[in-house]
Amino acid sequence: MVYEDDVRQPPDNLRRGQFKAGWEDATVRDKIYTENTLKKLTWHNLGYRLGKKFGDKHIDEINEIFDCFASYYY
């Protein structure tokens, strides 16, 4: 995963929602994030990146993936 700066804030339920929204941008809304947007790593675009890679998943699976990444945050 290529990025210039990790600007993620500590994981919480707000960030979980952002992660899910990014995932849905990739899988449901078919949005395209620009290279400039992806230069900074956020929870939102991390969800987007993973949604692009793994496709549509059940919300429980998305939450498990978020929890896994959140455990490595600290």
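Along the sequence shown, the residues carry numbers beginning at 1.
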If I take atom [atom1] from residue [X] and atom [atom2] from residue [Y], how far apart are they, to the nearest 0.5 angstrom?
X     : Y     : atom1 : atom2 : answer
Asp12 : Gln18 : CG    : CD    : 8.0 Å
Leu41 : Arg8  : CG    : CZ    : 5.0 Å
Tyr48 : Leu38 : OH    : CG    : 6.5 Å
Ile62 : Ile59 : CD1   : CD1   : 4.5 Å
Asp67 : Arg16 : CG    : CZ    : 4.0 Å
Asn13 : Phe19 : CG    : CZ    : 13.5 Å

| Test item: Asp5 side-chain N/O and Val7 main-chain N/O as donor-acceptor pair under 3.5 Å |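 No, Asp5 side chain to Val7 backbone: no donor-acceptor pair under 3.5 Å.
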| said: Donor-acceptor pair, distance only, cut-off 3.5 Å: does the side chain of Asn45 make one with the backbone of Lys40? | reply: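 Yes; judged by distance alone, with no hydrogens or angles, the pair exists.
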| query | Is there a donor-acceptor contact under 3.5 Å linking the side chains of Asp25 and Tyr33? | reply |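 Side-chain D/A pair, Asp25 to Tyr33: present.
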| query | Is the gap between the ring centers of Trp23 and Phe66 under 6.0 Å? | reply |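 No, ring centres 6.0 Å or more apart.
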| request: Could you walk me through whether Leu46 and Met1 pass the side-chain contact (heavy atoms from CB on, under 4.5 Å) test, one step at a time? | output: CA-CA 9 Å; Leu46 179 58; Met1 185 178 319; 3.6 Å; yes
| field | Sub-4.5 Å side-chain heavy-atom contact between Pro10 and Tyr74 | value | yes
| Between Tyr3 and Lys39, is any pair of side-chain heavy atoms under 4.5 Å apart? |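 With C-beta onward as the side chain, the pair stays apart.
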| field | Working for side-chain contact (heavy atoms from CB on, under 4.5 Å), residues Lys52 and Arg49 | value | CA-CA 5 Å; Lys52 278 292 196 195; Arg49 291 167 187 258; 5.9 Å; no
| request: Compute both the distance and the angle, then confirm whether Arg15 meets the cation-pi test with Trp43: under 6.0 Å from the six-membered ring centre, within 45 degrees of the axis. | output: no
| query | Should Glu24 and Lys20 count as an ion pair when the cut-off is N to O under 4.0 Å? | reply | yes
| Closest heavy-atom contact between Gly51 and Ala26? |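 Scanning both residues, the minimum pair turns out to be C-CB, 3.9 Å.
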